[in-house]
Amino acid sequence: ASRFADVAQAPPDPILGVSEAFRASTNPNKLNLGVGAYRDEDLKPVVLNVVKKAEGNIFSRNENKEYLSIEGLEGFRRATVDLLLGQGHPAIQEGRVAAIQSLSGTGSLRVGAAFIARFLKGATVYISNPTWGNHRNIFGDEGVEWKHYRYFDAATVGLDFKGLTEDLTAAPPGSVVLLHGCAHNPTGVDPTPEQWAAIADLCKERNLLPFFDVAYQGFATGDLDKDAFAPRLFVERGLEILVSQSYSKNLGLYGERVGALVMVVQDKESATRCLSQLKRLARALYSNPPTHGAKIAAEVVNNKELFDEWKVEMRGMAGRIERVRGELQAALEAKCPQKDWSFITRQIGMFSFTGLSPAQVDNMTNKHAVYMTRDGRISLAGLNSAKVEYLADAIVDSVR
Ligand SMILES: Cc1ncc(COP(=O)(O)O)c(CN[C@@](C)(CC(=O)O)C(=O)O)c1O
């Protein structure tokens, strides 16, 4: 018998497993509202025009395939910090930013988790309830203890700010707080600017370390600058922060695995030492990051014309999602007027947290071939006008 005979079958991933099930389905009406990947009005994946232009520029340079440095492509690291903090930010001028290119958002979060495990021994990471499911895997696999802080209020289909404040106030000083920079996944509910300010003050008072997961910059409001409001506010308040960045959704670089782990700290010497330790960790995890996607992101952000064109395409993607939100809400209000569907256009970003129970989700999938995650989340990026009626009928049938 194989020495691996006792290796158990792992369960399918709660999110990526939905895409696998969708692909396996032969139902002509099947609809994939699972993975948060943008689709155009024909429900096809999109390669942004700016990405194609950037690739044209890159290929015309006939560059080699040498290793990048452990910390990644210099031009990308500069671009990603500019995008996060704003070009010329004082923290950048003062050399207080340590940034490494990493394997998209997930890899960046993992390097951050490894840094916390090694240099913040015993710190607990507080993650929102609910949150992106893979957060638990990332910190759990690094042996970092995590706990939930209350986040979603099902009664108001909004933020449980009172619960959040109580839980973070009770967190031991020195704890880490994982915050979604914008477009919270899966709820689509973000703190207001005033609430962000209160959270920043709370982190300061309680000596909590904010770790921002910035995976949807541009998808909350359609504006890349506005969507960086929260991390910029915390830096302005003098807080040290960690940030993971992903270019999967906003630049559509999903499979290129483009992201960064950024630390904004109090002084240049600390930033230099932290960068050296981030490099030490990355070297043992994957040695150095992939070249192509980082060159695309650097080309787009560092080139004024491409950057402006990206902003227009970004607003177009966010706009299409907003439009289908409105159409879905209208269709549901027409079919089921007794229920309040206003949460659908109140929520922002890619997702809507429908409140459907696992059993109701099973009905959506088994009876209507609508593929979505069992926590009730739907990715509106996977919906178009032509399928709104179909989805609304499936939801009404499931919530009966
Ligand atoms: C909040 C959050 N952080 C990080 C990531 C990681 O993305 P990256 O590694 O590709 O940069 C995702 C992706 N979440 C998706 C879009 C896909 C997934 O589950 O991996 C989702 O469907 O929730 C995310 O939603």
Side-chain angles (χ1 to χ4, degrees), residues 11-22 32-39 45-46 72 76 80 83-84 100-113 125 127-139 141 146 151-152 177-190 210-220 227 230-231 242-262 285-286 289-290 293-294 296-297 317-318 321 347-353 361 371-383:
D13 181 84
I15 295 174
L16 300 183
V18 171
S19 299
E20 288 162 19
F22 170 78
N32 187 3
L33 306 181
V35 70
Y38 183 79
R39 301 286 180 259
V46 171
F76 168 77
T80 205
L83 188 69
L84 179 68
I100 65 164
Q101 175 194 335
S102 189
L103 306 187
S104 213
T106 303
S108 305
L109 285 159
R110 185 65 184 260
V111 172
V125 175
I127 61 178
S128 64
N129 183 22
T131 193
W132 177 50
N134 209 24
H135 282 152
R136 285 183 281 272
N137 298 335
I138 291 165
F139 291 101
D141 283 10
W146 58 264
Y151 190 83
F152 183 68
V177 186
L178 189 62
L179 298 161
H180 296 231
C182 69
H184 185 270
N185 173 5
T187 66
V189 173
D190 283 358
F211 189 164
F212 280 97
D213 180 351
V214 177
Y216 296 94
Q217 186 173 351
F219 266 109
D227 284 0
L242 271 68
V243 187
S244 68
Q245 290 175 282
S246 166
Y247 291 85
S248 289
K249 280 70 83 171
N250 55 12
L251 203 41
L253 296 182
Y254 303 93
E256 298 286 358
R257 312 309 294 140
V258 186
L261 193 276
V262 177
L285 282 168
Y286 53 82
I296 296 172
M317 291 194 283
I321 293 176
Q347 292 166 351
I348 52 177
M350 266 194 179
F351 305 108
S352 181
F353 207 47
V361 170
Y371 289 82
M372 56 189 281
T373 46
R374 292 196 89 223
D375 59 3
R377 178 189 94 170
I378 56 173
S379 169
L380 291 146
L383 181 63

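Counting starts at 1 for both ligands and their atoms, in listed order. A quick note: this is a predicted structure, and the numbers were derived from the prediction, not measured. In this chain, residues are counted from 1 in sequence order.
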message: Suppose we call two aromatic rings close when their centres sit under 6.0 Å apart. Are H184 and F152 close by that rule?
response: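 No.
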
Tell me whether [X] contacts the main-chain N or O of [Y] through its side chain, where contact means a donor paired with an acceptor under 3.5 Å.
X: R377; Y: T187; result: no
X: Q101; Y: P289; result: no
X: N129; Y: Y151; result: no
X: S104; Y: R257; result: no

Less than 4.0 Å is my threshold; does some heavy atom of [X] fall inside it relative to ligand 1?
X: V35; result: yes
X: H184; result: no
X: M350; result: no

message: Using a 4.0 Å heavy-atom cut-off, which part of R377 comes near ligand 1: side chain, backbone, both, or neither?
response: side chain

Need the ligand 1 atom indices (1-based, order shown) with element for anything under 4.0 Å from a heavy-atom of [X].
X: G36; result: 16 (C), 21 (C), 22 (O)
X: S246; result: 8 (P), 11 (O)
X: R257; result: 8 (P), 9 (O), 10 (O)

Looking at ligand 1, does any of its N/O atoms fall within less than 3.5 Å of an N/O of [X]?
X: H135; answer: no
X: G105; answer: yes
X: A37; answer: no
X: Y254; answer: no

task: For Q347 and V189, run side-chain contact (heavy atoms from CB on, under 4.5 Å): C-alpha distance rounded to whole Å, both residues' side-chain angles, the deciding distance at 0.1 Å, then the answer.
output: CA-CA 5 Å; Q347 292 166 351; V189 173; 4.2 Å; yes

Considering heavy atoms of the protein only, find what lies nearest to [atom] and give residue, atom and distance to 0.1 Å.
atom: atom 9 (O) of ligand 1; answer: T106 OG1, 2.6 Å
atom: atom 10 (O) of ligand 1; answer: S248 OG, 2.8 Å
atom: atom 19 (O) of ligand 1; answer: W132 NE1, 2.9 Å
atom: atom 12 (C) of ligand 1; answer: K249 NZ, 3.3 Å
atom: atom 2 (C) of ligand 1; answer: D213 OD2, 3.5 Å

message: Going by ring-ring contact (aromatic ring centres under 6.0 Å, His included), F351 matches just one of F219, Y216, Y38. Which one?
response: Y216

message: Would T131 and R136 count as a side-chain contact (heavy atoms from CB on, under 4.5 Å) here? Give the steps.
response: CA-CA 9 Å; T131 193; R136 285 183 281 272; 3.9 Å; yes

query: For atom 15 (C) of ligand 1, which of Y38, Y216, Y247 has the closest heavy atom?
result: Y216

Per atom 8 (P) of ligand 1, closest listed option by heavy atom (S104, S108, A381, A215):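 Comparing heavy atoms across S104, S108, A381, A215, the nearest one to atom 8 (P) of ligand 1 lies in S104.
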
Close side-chain approach of M372 and V361, heavy atoms under 4.5 Å: yes

- prompt: For E256 and L251, what are the C-alpha separation, side-chain angles and deciding distance, and is it a side-chain contact (heavy atoms from CB on, under 4.5 Å)?
  reply: CA-CA 10 Å; E256 298 286 358; L251 203 41; over 6 Å; no

field: Intermediate values then yes/no, side-chain contact (heavy atoms from CB on, under 4.5 Å), I138 and W132
entry: CA-CA 11 Å; I138 291 165; W132 177 50; 4.0 Å; yes

